[in-house]
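One structure below.
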Amino acid sequence: MTDTARYRALLAVLSLVVAVLFVLSLTIGPAAIAFSDSIRALFSGKGDAIALIMREIRLPRALLGLMIGATLGLSGAALQGYLRNPLAEPGLIGVSASASLGAVLAIYSGLTIAFPLALPLSALVAAMVAVVAVQALAGRRGNTLTIILAGVAISSLAGAMTSLALNLSPNPFAALEIMFWMLGSLTDRSMTHVWLAAPFMLAGWVLLLMLGRALDALTLGADTAASMGIDMRRVQQLAVLGTAASVGAATAVAGAIGFVGLVVPHLLRPLVGARPSRLLPASALGGAAVVLAADILVRLIAPGRDLKLGVLTAIVGAPFFLWLVYRERRRLA
């Protein structure tokens, strides 16, 4: 079997896995509804209790799991290819931390009480401010190291401000709400959240997928890529803006969900070969599968305790991260 045939087979298998997990996400939940009744209610025109559960609770949750997983996987693969750093992940440029800060400020100030959508909107605005700050700090000719340093600076500042808001919160219930939101979850999301995040995610996906040819050239080095006609300034803008739009929207509606963007590209890279352009769509599908599977496990492991999605992905992702460090140490030994 040729490399192209194997790659297409991999995409087909990943697509099938995502489709199966999406259907399972629609049909698994605390409400004891039969599989056939769930599917029938989803497409019926009735307004009974089962139809409302499917359309207003399970469908938005499954859609967001699919979209957020694809966003994290795709952005992780794009940043690892652009920065040529195997440990790069979507939070590296400060978007996730800044979006979290925006949401925290909305909760802290009480805006969420007067206007429920203030939380995701504030997170989106903060994510956009972060990307402007990163671009300004990096400058027009900023290299990958400058981008990383600017992202670390923005992340550190956003994290410090978030901690300050928690420290000064006069209301313990607001502080608790902030902590729970920061753990990441798809619970109690509606189609309003889907429609709010979808345009930004779609725009981010388009920008990141446009990086394919440039990432392939970058495997030969930045100077070689520039000599092949690759505009490094444009590549930087596509990578940063694409990540900011998609990951900012994902964080705005679901909180921080870590390690997906780091783990998924590493798992799939040996299967797609040395071409980063092939890793982008594979990582998008792989990320969607991981988040959908994790959200299903959250409902099965502790259905009555509201186990947070970000907690589960961190529990699984942290040991993998340690394994990466160990493997790298052995390679350099």
Side-chain angles (χ1 to χ4, degrees), residues 7 10-11 14 68-97 131 134 138 142-152 155 204-205 207-222 224-225 230 232 234-248 250-251 256-291 313-314 316-318 320-328 331-332:
Y7 177 64
L10 174 65
L11 292 184
L14 288 173
I68 291 170
T71 289
L72 297 175
L74 175 59
S75 58
L79 285 179
Q80 287 177 16
Y82 167 61
L83 299 174
R84 283 161 289 161
N85 185 337
L87 299 181
E89 55 96 22
L92 188 63
I93 61 173
V95 175
S96 298
V131 73
V134 168
N143 55 22
T144 56
L145 178 59
T146 310
I147 292 290
I148 293 174
L149 292 176
V152 170
S155 293
W205 296 349
L207 294 177
L208 292 175
L209 290 172
M210 290 171 62
L211 288 170
R213 176 175 172 270
L215 296 183
D216 287 345
L218 275 172
T219 58
L220 303 174
T224 304
I230 301 297
M232 296 305 298
R234 180 173 179 271
V235 172
Q236 174 189 316
Q237 290 176 336
L238 290 176
V240 174
L241 291 175
T243 301
S246 56
V247 176
T251 307
I257 300 174
F259 288 99
V260 176
L262 172 65
V263 171
V264 171
H266 277 283
L267 291 176
L268 295 175
R269 188 172 286 110
L271 302 178
V272 302
R275 292 179 59 182
S277 60
R278 289 186 170 184
L279 185 60
L280 297 180
S283 292
L285 291 170
V290 167
V291 172
T313 57
V316 175
F320 181 84
F321 184 83
L322 293 174
W323 175 77
L324 283 178
V325 174
Y326 176 72
R327 188 183 68 172
E328 185 68 14
R331 187 182 70 83
L332 296 175

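These numbers come from the heavy atoms of this one structure, side chains and all, not from hydrogens, waters or symmetry mates. Given the structure is predicted, the values throughout are model-derived calculations rather than measurements.
Within 6.0 Å of the CZ atom in Arg84, the count of heavy atoms belonging to other residues, nucleotides or ligands exceeds 12.
The minimum heavy-atom distance between Ser96 and Gly91, with the atom names listed, is OG-CA, 3.9 Å. Listed here is the closest heavy atom pair of Ser155 and Gly94: OG-CA, 3.0 Å. Residues Val264 and Gly286 come closest through the heavy atom pair CG1-C, 3.8 Å. Leu14 and Ala282 make their closest contact through CD1-O, 3.6 Å (heavy atoms, listed as atom of the first residue, atom of the second, distance). For the residue pair Gly73 and Pro265, the shortest heavy atom distance occurs at O-CG, 4.0 Å.
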Leu262/His266 under side chain to side chain contact (heavy atoms under 4.5 Å, CB included): CA gap, chis, key distance, verdict: CA-CA 7 Å; Leu262 172 65; His266 277 283; 4.1 Å; yes
Apply side chain to side chain contact (heavy atoms under 4.5 Å, CB included) to the pair Glu89 and Leu72, showing each step before the final yes or no. CA-CA 8 Å; Glu89 55 96 22; Leu72 297 175; over 6 Å; no
Arg269/Arg278 under side chain to side chain contact (heavy atoms under 4.5 Å, CB included): CA gap, chis, key distance, verdict: CA-CA 9 Å; Arg269 188 172 286 110; Arg278 289 186 170 184; over 6 Å; no
Apply side chain to side chain contact (heavy atoms under 4.5 Å, CB included) to Ile147 and Gln236, showing your working. CA-CA 9 Å; Ile147 292 290; Gln236 174 189 316; 3.7 Å; yes
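Between the side chains of Trp205 and Thr71, at least one donor N or O sits under 3.5 Å from an acceptor N or O.
When side chains are defined from C-beta on, Leu10 counts as touching Val272, because their heavy atoms get closer than 4.5 Å. Residues Thr219 and Arg275 fail the side-chain proximity criterion, which asks for heavy atoms closer than 4.5 Å.
If you take CE on Met232 and CG on Leu218, they are separated by 4.5 Å, rounding to the nearest 0.5 Å. Between the CG atom in Leu211 and the CD atom in Gln237 there is a gap of 11.0 Å [rounded to 0.5 Å]. Taking CG from Leu11 and CG from Leu268, the interatomic distance works out to 9.5 Å, rounded to the nearest 0.5 Å. Separation of atoms OG (Ser75) and CG (Leu92) is listed at 11.0 Å; rounding is to 0.5 Å. To the nearest 0.5 Å, atom CG of residue Leu208 and atom OG1 of residue Thr243 are 5.0 Å apart. In this structure, the separation between CG on Asp216 and OG on Ser277 is 3.5 Å, given to the nearest 0.5 Å.
At least one donor-acceptor pair under 3.5 Å links the side chain of Gln80 to the backbone N or O of Ala88. Counting only distance, with no hydrogens or angles, the side chain of Thr313 and the backbone of Gly258 share a donor-acceptor pair below 3.5 Å. A donor-acceptor pair is defined here as one N or O able to donate and one able to accept, closer than 3.5 Å; no such pair exists between the side chain of Ser283 and the backbone of Leu280. Put simply, the side chain of Tyr82 never gets that close to the backbone of Val235: no donor and acceptor are under 3.5 Å apart. Thr251 contributes no side-chain N or O that, together with a main-chain N or O of Gly248, makes up a donor-acceptor pair within less than 3.5 Å.
Listed by chain and number, the residues in a side-chain contact (heavy atoms from CB on, under 4.5 Å) with Thr224 are Leu220, Ser227, Met228 (sequence neighbours excluded).
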